[in-house]
Number of protein chains: 2
Amino acid sequence: MNQMCATCPVKESAACAVLSEEERDALAAAGRTRVLKRGEMLFAAGDDEAACATLVSGALKISAFDAEGNEQILSLVHPAGFIGELFSPFAHHDVVALTESQLCTFARKDIERAIDDYPALARALLKRSQEDLLATRNLLELTAHATAEARLAALLHDFASAASDASCHIASHFELPLTRGEIANMLGLTIETVSRKLGELEEMGAIARKGKRGIDIADPALLRDISGR
Amino acid sequence: MNQMCATCPVKESAACAVLSEEERDALAAAGRTRVLKRGEMLFAAGDDEAACATLVSGALKISAFDAEGNEQILSLVHPAGFIGELFSPFAHHDVVALTESQLCTFARKDIERAIDDYPALARALLKRSQEDLLATRNLLELTAHATAEARLAALLHDFASAASDASCHIASHFELPLTRGEIANMLGLTIETVSRKLGELEEMGAIARKGKRGIDIADPALLRDISGR
DNA sequence: CGAGGACTTGATCAATTTCAAGCGGAGTGG
DNA sequence: CCACTCCGCTTGAAATTGATCAAGTCCTCG
């Protein structure tokens, strides 16, 4: 096993985990690692040479911009996530690092060849794609009908789930990976509304704010209840 | 070629089009055709024996229900579309026919085996899944930030595109496949707002209503402009 | 120390929802 | 064949949520 893959924190969970050692090494030889600092862009909407990548550590956002230049965050990418629009000639969205992030990038053609050569990889990417679809539909469900309070409560609950390693319970404390503005973009709200509702959730006893970004989940049941799910 | 596939209107465009004739016949032997009338359900959220299917003709909706029982339409399925959550033990959403629909259904295990046996099928389903993801993100972008007017204009524009066979221009007339209530659900609005905004779009000269469901696109450029894209 | 950025808070405003009423067509049963 | 009712739709008025406009605080960094 090559050195990079041997120490890769997501070697068990990323799409390439389904490959044999030789297959993975062959793929790794075609790719290269890359580090992005907060705010740096992996690729922009419209790029035709957009790379594909597996996120090794950190966090990314995928976002679109409307005619007036307003950002809309469409998805967050967590470690082991795969980024890349395989069958489209150019990228539809921007991909930007939220925190310092380590990636394993591949040229599109290399990934396409790997899909053809290794059926298990196609299957793994299909699974990941369906999970992304489900996550996006959940976000859609949230933004379309719920009140500002419910949207925020649900997002916090999701973050708490993601921050916990055990799937059966949620973390009682975590640091928000997003600024207020990014939360607002994601939920289709304004910064001011996010700030106010965060205050209200705290008054209600559902959460406690610890500094600007820290969140304690004071009452998980109440939070879930407010989120309406 | 078996009789069903020989006359299948989507034999060129559905996922199974990538299979050889023998492969497709083998898959077809495992599946069966089914007709749903408007309002009939293919499967419900929570079903663990949810089938997979290719839509041959008609239209389906995929929808979720929140705690209070409000429907949220997450996606529409057009002919040649594939339905089914392959890697999840149970269905997350309801799938219901919007019009009389003809499907080609398969047991989950048959599709899973076909994916393993025919790499081209995995690739085709991956492509479809990514397209679904893109469509869902477009809807998300729409519902999160845009005004009621822009959402409705964009939806009408999309329907007009879907109703046209040529990809370069949009249909100038079509019948809405959805009731006002369904449009409202899809866009995160109320029935009343949809009704009012439809009236306003007509007054502005962007569209003309022909009966309850018929829509003429009077000014495609204006419509696109209002939709903000 | 000053400047800029992220956040909070308050007051006002506008878009959309909510509540309420009524229309018209389709299907039903007397 | 004619009420009668249900359902989808439209329209109006009032209520409310969240957006917008406007300060002002706190922190970090140069």
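Small disclaimer: the values here were computed from a predicted structure and weren't measured. To find a chain, count down the sequence lines: A is the first, B the second, and so on, and within it residues start at 1.
In the set C:dT16, D:dG18, C:dA20, the nucleotide with an atom closest to the side chain of B:Ala148 is C:dT16. Residue B:Thr179 has its side chain nearest to D:dC9 when only D:dT10, D:dA19, D:dC9 are considered. Listed candidates were C:dT9, C:dC7, C:dT17. Nearest to the side chain of B:Thr190 is C:dT17. Checking C:dT17, D:dG18, C:dT8 against the side-chain heavy atoms of A:Arg209 singles out C:dT8 as nearest.
The residue B:Gly211 sits apart from the nucleic acid: no heavy atom pair falls under 4.0 Å. Among the atoms of the strands shown, base atoms are found under 4.0 Å from some heavy atom of A:Ile191. Residue contacts shown for A:Ser195 include a base, since a base heavy atom lies under 4.0 Å away.
The pair B:Arg108-B:Glu85 fails the salt-bridge criterion, with no side-chain N (NZ, NE, NH1 or NH2) lying under 4.0 Å from an Asp/Glu carboxylate O. A salt bridge links A:Arg38 with A:Glu182: the distance from a Lys NZ or Arg NE/NH1/NH2 to an Asp or Glu carboxylate oxygen falls below 4.0 Å.
Residue A:His145 contributes atom NE2, which lies 15 Å from atom P of C:dT16 at whole-angstrom precision. Nucleotide D:dT11 holds its C1' atom 13 Å from the CZ atom of B:Arg180, rounded to whole Å. Between B:Glu149 atom CD and C:dA15 atom C1' the separation is 11 Å, expressed in whole Å. Residue B:Arg213 contributes atom CZ, which lies 19 Å from atom P of C:dG24 at whole-angstrom precision. Between the P atom of D:dA19 and the CG atom of A:Leu152 lies a distance of 12 Å, rounded to the nearest Å. Across the protein-nucleic acid pair, B:Arg38 atom CZ and C:dG27 atom P stand 14 Å apart, rounded to whole Å. In this structure, CD of A:Glu200 is placed 11 Å from P of C:dT9, rounded to the nearest angstrom. Protein atom CG of B:Leu187 is 16 Å distant from nucleotide atom C1' of C:dA15, rounded to whole Å.
Of the two residues contacting DNA chain D, namely B:Thr193 and A:Glu192, the nearest-nucleotide position lying further toward the 5' end is that of B:Thr193.
The shortest distance between the side-chain N/O atoms of A:Arg196 and the OP1/OP2 oxygens of C:dG10 is not below 4.0 Å. Between A:Lys212 and C:dT8 there is no side-chain polar atom (N or O) within less than 4.0 angstrom of OP1 or OP2.
Between B:Arg180 and B:Arg209, the closest heavy-atom pair is NH2-CD, 4.4 Å. Smallest separation of non-hydrogen atoms from A:Ala154 and A:Leu142: CB-CD1, 3.3 Å. Scanning all heavy atoms of the two residues, the minimum distance from B:Leu152 to B:Lys197 falls at CD2-CB, 3.6 Å.
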